Amino acid sequence: MTGGTPVAGETLPGAGGGDDDAADRVVCHVDMDCFYASCERLRHPDLAGEPVVVGMGYEPGESIGAVATASYEAREFGVESAMPISKALELLPRRADADPDDPDAPDPADAGRYVPVDLDFYEDVASEVKEVLRDCADTRREVSIDEAYLDVTDRTAWTVAGDDPADPPPSAAAGPAEARTLAEGYARYVKDRIEREAGVPASVGVAPNMSAAKVASDADKPDGLVVVPPGSAAEFLAPLPTADVHGVGPVTEATLADLGIETAGDLAAADRDRLADALGERGPELSRRAAGDDDREVTPTGLPKSLSRESALPTTADGATKRETVSALAADVARRARERGCLYRTIGIKAVEPPFDVNTRARSLPGPVDDPDLVEEVALDLLAEFDETRVRKLGVRVSNLDFAETDQATLGGFDADDGRGEGDRGAGDDARGAGARTTATDGDGGKLTDWVDGKPESEAAEGDATARDAERRTADGQASLGDWS
DNA sequence: TCTGGGGTCCTAGGACCC
DNA sequence: TCTGGGGTCCTAGGACCC
């Protein structure tokens, strides 16, 4: 390397973002505006323009539960997501309480409409949104019920509308640029179609990568459309507070503030070794994101990694109450796993002590199972450690999920009725009732042996070893359990 | 403002194996 | 032998997201 041009590797670090070498992908982030509240307005048009609060665990007339979604009108009153309903009611009285004859009652004009969550309905609306997205992009990542990334590189381009395609777009500023790109037009098309066909509003961010698109969709909510052309991501992000960077929560924000890092620009410019010291591997990654540098591909959402149910309860140390709760949660998790046709190999519980100390315990089995009785049995066994503990919340979780096993059961010549195909059984399950369920479970109980014996001989020995391992672990666990109590 | 429910990913330590 | 080092699995906890 004598003379001549500098090697790329020598000039790139710190030379300003990598979003300009990513072959100019076009990524849209679609983020529905206060989705649950919008869904409620869809079926109750009289809620339009009103402060709407959708509460989970909320029942009409009560003040229990938490805010799942607040409409923008309700947010004006300070109502926020995750806020206890009781607190929300202080900030924004319920419309029903606004009695015009009561001189102390709130002004109806300053009162809100409170409705309980109806997830089934929201999922119906979401599937209509998804239909539009499917039509608009081949590569999609659906992140949650109300949010998705689209890679639309093959549907549009960063070229300026009506201009010479060879001409690069302006990299001036975010927001509707003066010279509009084809990408902006396409994003507008997606946004309009969602509103027209699903009936609910969305905000859309368009950028050359996922993290910039994510921030862009958030930048002008509600009903926003923000475009961040290639090369302008760093400039767009720089003035924003670090908390606006995806992945920076309250803890990281405080850690960064201690380092004198307040904005995305600071974060982008910060020494990455120093960030790694303070935050681990996440630090440098967040810095790259803040610099507009993110080369992750938009990949479809995969199968779930775990399934869980949890529920809050009035703080109690009562053993029977705790066991009943855990049994019910276990049954629910097991049912959902079966519905989805997945086996699980790890069963765990969560016990939250006041004020908010989270304890988790888990135990792995030798092989994947679909066995509701076993979920309950293991969950209760794990709960025994917390016999004396006051808890405010309990949860049950299955993980180490295995979706492939269902097919293998059929392919591998297991008994047709060995219970593995339950996910496909559908509604018949309920109709068969508890007796049938128990029978199926007994079948499952024997499956573990089938699982080991059913392996090809070369793997059977390995399976045995695994089973022994698990037995030993179980024994250990029980020994410790004795120590604790 | 004492905090609902369903997830994901990461880290760290211990056990165990080679 | 004690002296590793590497790899994997498991558990527990933490931070974050919607």
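Naming convention: chains lettered A, B, ... in sequence-line order (proteins, then strands); numbering from 1 in each chain. What you see is a predicted model, and the numbers here were worked out from it, not measured in a lab.
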Query raised in the report: Looking only at atom P, what distance separates B/dT3 and C/dC18, rounded to whole Å?
Result: 22 Å
Requested in this report: Looking only at side-chain atoms of A/T360, point me to the closest of C/dC10, C/dG13, B/dC2.
Outcome: C/dG13
Requested in this report: Would you indicate what A/V143 reaches in the nucleic acid, counting non-hydrogen atoms under 4.0 angstrom: base, sugar-phosphate, or nothing?
Outcome: nothing
**Report entry** Per A/E281 side chain, nearest of listed nucleotides C/dT11, C/dA15, B/dT11
**Finding:** B/dT11
Requested in this report: Check whether any side-chain N or O of A/R282 sits under 4.0 Å from OP1 or OP2 of B/dC9, and answer yes or no.
Outcome: no
**Report entry** Candidates C/dC18, B/dT8, B/dG6 - which lies nearest the side chain of A/E147
**Finding:** C/dC18
Query raised in the report: Does A/L225 reach the side chain of A/D220, with side-chain heavy atoms less than 4.5 Å apart?
Result: no
Report task. Using both distances under 3.5 Å as the test, list the Watson-Crick or G-U wobble partner of C/dG6, or none. Result -> B/dC17
Report task. Considering just the side-chain nitrogens and oxygens of A/S308, establish if one lies under 4.0 Å of OP1 or OP2 belonging to B/dG5. Result -> no
**Report entry** Between C/dA12 (C1') and A/D357 (CG): distance, integer Å
**Finding:** 14 Å
Requested in this report: Using the six-membered ring wherever Trp is involved, compare the ring planes of A/Y36 and A/Y122 and label them parallel, tilted or perpendicular (cut-offs 30° and 60°).
Outcome: parallel
Requested in this report: Answer yes or no: does atom CZ of A/R390 have more than 12 heavy-atom neighbours from other residues, nucleotides or ligands under 6.0 Å?
Outcome: no
Query raised in the report: Can you check the A/D146 CG to B/dG7 P distance for me, whole Å?
Result: 15 Å
**Report entry** From C/dA15, C/dC10, B/dT8, nucleotide with atom closest to A/K305 side chain
**Finding:** B/dT8
Report task. State whether A/R288 and A/E285 are salt-bridged, where the test is any N-O pair (Lys NZ or Arg NE/NH1/NH2 against Asp/Glu carboxylate O) under 4.0 Å. Result -> yes
Query raised in the report: Looking at C/dC10, B/dG5, C/dC18, which one has an atom nearest to any side-chain atom of A/M56?
Result: B/dG5
Report task. Quickly work out the A/R141 CZ to B/dT8 C1' distance and round it to whole Å. Result -> 10 Å
Query raised in the report: How would you label the contact of A/S81 with the nucleic acid (heavy atoms, under 4.0 Å): base, sugar-phosphate, or nothing?
Result: nothing
Query raised in the report: Under 4.0 angstrom, heavy atoms only, what part of the nucleic acid is A/P355 near: base, sugar-phosphate, or nothing?
Result: base
Report task. For A/A82 and for A/P304, find the nucleotide of DNA chain B with the closest heavy atom, then tell me which residue's nucleotide is more 5'. Result -> A/A82
Query raised in the report: Is the phosphate of C/dC18, meaning OP1 or OP2, less than 4.0 Å from a side-chain N or O of A/K214?
Result: yes
**Report entry** Atom-pair distance (CD1 on A/I85; P on B/dG5), nearest Å
**Finding:** 13 Å
Report summary line: To the nearest angstrom, the CZ-P distance between A/R289 and C/dC17 comes to 11 Å
Query raised in the report: Within 45 degrees of the axis of the six-membered ring of A/F121 and under 6.0 Å from its centre: does A/R43 put its NZ or CZ there?
Result: yes
Requested in this report: Identify which nucleotide among C/dA12, C/dC16, B/dG6 has an atom closest to any side-chain atom of A/A362, counting heavy atoms from C-beta outward.
Outcome: C/dA12
Report summary line: In whole angstroms, the gap separating C1' of B/dT8 from NZ of A/K350 amounts to 13 Å
Query raised in the report: Does A/M83 or A/L329 map to a spot on DNA chain B nearer the 5' end, using the closest nucleotide for each?
Result: A/M83
Query raised in the report: Of A/S38, A/S71, A/C34, which meets side-chain contact (heavy atoms from CB on, under 4.5 Å) against A/V52?
Result: A/S71
Query raised in the report: Out of curiosity, A/D381 CG to A/I347 CD1, how far, rounded to the nearest 0.5 Å?
Result: 10.5 Å
Query raised in the report: Stacking here means centres under 5.5 Å and planes under 30°; does A/F356 stack on B/dT3?
Result: yes
Query raised in the report: Within this structure, what is the CG-to-P distance between A/L286 and C/dA15, rounded to whole angstrom?
Result: 14 Å
Report task. Give the nucleotide from the list B/dG7, C/dC10, B/dG5 with an atom nearest to the side chain of A/S306. Result -> B/dG7
Query raised in the report: Rounded to the nearest Å, what distance is computed from the CZ atom of residue A/R335 to the C1' atom of nucleotide B/dG6?
Result: 14 Å
Report task. Pick base, sugar-phosphate or nothing for A/L307, based on heavy-atom distances below 4.0 Å to the nucleic acid. Result -> sugar-phosphate
Requested in this report: Just call it for A/G280: base, sugar-phosphate, or nothing, with non-hydrogen atoms closer than 4.0 Å on any strand.
Outcome: nothing
Query raised in the report: Nearest to the side chain of A/R361, which nucleotide is it out of C/dC10, C/dA12, C/dC16?
Result: C/dA12
Query - From C/dT11, B/dG5, C/dC17, nucleotide with atom closest to A/H246 side chain - result: C/dC17
Query raised in the report: If you check every side-chain atom of A/E310, which of B/dG5, C/dA15, B/dG7 has the closest atom?
Result: B/dG5
